[in-house]
Engineer: 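Dropping the structure in here first, questions after.
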Amino acid sequence: MTETPTTETTSRSTLATANPATGEPVGSWAVDGPEQVAAVVARARRAARTWEDLGFTGRKRALLRWAGRIVADIDEFRALVSAENGKPLDDAEVEILTAVEHLAWAAKNAGKVLKTEKVWPGAMLSNHQAVIEHRPHGVVGVIGPWNYPVYTPNGSIAYALAAGNTVVFKPSELTTAIGHWYVESFARANPELPTGILAVVSGYGDTGRALVESDVDMIAFTGSTATGKRIAAAAAERLIPVVLECGGKDAAIVAEDADIVAAADAIAWSAMANSGQTCVGAERCYVVESVLEEFLAELTKKVADLTPGVGEGASYGPMTLPSQVEVVARHVKDALAKGAKAVVGGEDSIRAPFVSPVVLLDAPEDSEAVVEETFGPTLTVRGVRDVDEAIRLANDSRYGLASSVYSRRNGMAIARRLRAGATSINSPAAYAAIAALPFGGVGESGIGRIHGPEGLRGFTRTHSIARQKYQLPGMALLSFDRTPETTGLLRKVASLRYRAK
Ligand code: NAD
């Protein structure tokens, strides 16, 4: 394995990033410690009043101006995303544009989703008006990963801002320049707004920890399950809410009535695009035996031509996180040693920082390649008796992020039986690009939802308000003046409304 550039060699007081394919430096920053983080959070808190006071309409305008700024500057932004993360320019552009869709959706829908709701107070308290209000938490700390360095943190940041919070963002140490560009573009789009509505802090895991332990009111995290658990434990100390978007081991199911050519195309992309560094990428594939041979032939055709590299013609880029190459190598080796057959590629496909596609047939269900998140351009495939067996195996995972189903007639019925936060039918990961759909996992894939109405509500605290409009004569219910007649009347009404059958 060739030595790849890594930020680990940099001293901990500074952070430098480099192009993962070429080693070319991208940027360097001073690492923010607890004091600096506290100062940025304090500034965000001072800005919170201005931002909240803008209301839904004012915030919508500011967020849409930001969306417009990002699109206007997309050539510069996609070049930076490609340089620092390693993905091809075109993939960087699709990622940015998907993030912009989410930003616009959050901006346009926050007012509708979070408006005050009137609810029926019930017969006993019918002299009250009852309303539910959704208030911003205040300052939200957002901690992001490197694999989709714009789309993933934006899925929290756009929704948190639209809901009226200010945000302090800690991007991954591998994609810090991207994080800074994104945050600065908000200020470029909105020069009249005070600084601190959206701010960035730079650093490694310790800076993330300082953010969790700071005065923030909520943490939205996207990253590995191991870090997610640490963050949940730290957040529990101050009992602040968390959204945790963690790892996955997503399964794809190919039923016997699937369009096999289309399924192979979709699964090849889902598993290999972005070098397989996609939290919702297919990593396991269960195919009904009767169509297995045909599926493998189509999949091989699709995958064999893919070439990782840099620049024009590259199907995908290098592995962004150097140490992940070793994980991929370990999983492939372990599966082959346990009897899996490499249908495409094999151990030789791993030439850091690039990994060519690897398709493993019949890796044992307890091998690392089937159980653990591989996060590389690899896919395990297993023939199954029927869809029931496919569903059982797909659900047999401690993760439950997303899944996909390929079937002409039974997609919905199969999807409903899958234990996952999201499922796409006859396409890969479409739910992630549809801003109106909530996104998040179950089990060790995380807690809470971003995106969609639930994503907006998740960045608010519910405030229930009951206003007494007038006093009911002789009905002092919540008072020491209550009389036995009042209780008797209540009893009578209850026995009329709820008769024993
Ligand atoms: P990671 O957990 O190593 O790091 C994520 C972020 O957490 C980084 O910014 C890091 O500096 C920070 N961090 C590390 N230790 C911390 C601590 N103790 N306290 C606070 N912050 C800390 O994850 P990664 O390698 O950057 O990202 C890859 C992982 O992210 C994969 O597991 C992938 O599945 C997952 N992911 C999930 C989703 C999703 O939506 N569910 C999306 C993208 C990526």
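Just follow the structure's listing: the first ligand is 1, and inside any ligand the first atom is 1.
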Engineer: For the backbone of Tyr148 and the side chain of Thr152, can you confirm whether one donor and one acceptor N or O come within less than 3.5 Å of each other?
Structural biologist: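 Yes, the answer is positive, given that a donor and an acceptor are paired below the 3.5 Å cut-off.
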Engineer: What's the shortest heavy-atom distance between Val37 and Leu211, and which atoms?
Structural biologist: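 Reported closest heavy-atom pair: CG1-CA, 3.7 Å.
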Engineer: May I ask you to check whether Phe375 and Trp146 place their ring centres under 6.0 Å from each other?
Structural biologist: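 For Trp146 and Phe375, the ring centres are under 6.0 Å apart.
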Engineer: For ligand 1, give me the residues whose heavy-atom distance to it is below 4.0 Å, by chain and number please.
Structural biologist: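 Within 4.0 Å of ligand 1, the protein residues are Ile143, Gly144, Pro145, Trp146, Asn147, Thr152, Lys170, Pro171, Ser172, Glu173, Tyr204, Gly205, Gly208, Arg209, Phe221, Thr222, Gly223, Ser224, Thr227, Ile231, Glu245, Cys246, Gly247, Cys279, Glu373, Phe375, Leu401, Phe439.
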Engineer: Without swapping roles, check the side chain of Ser28 against the backbone of Ala16 for a donor-acceptor pair under 3.5 Å.
Structural biologist: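 Absent.
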Engineer: Are more than 12 heavy atoms, taken from residues, nucleotides or ligands other than Lys338, located less than 6.0 Å from that residue's NZ atom?
Structural biologist: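 Atom NZ in Lys338 is packed in, count exceeds 12.
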Engineer: Quick one: list whatever passes salt bridge (Lys or Arg N to Asp or Glu O under 4.0 Å) with Arg135, sequence neighbours left out.
Structural biologist: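 Once residues adjacent in sequence are excluded, the partners of Arg135 under the salt bridge (Lys or Arg N to Asp or Glu O under 4.0 Å) criterion are Glu133.
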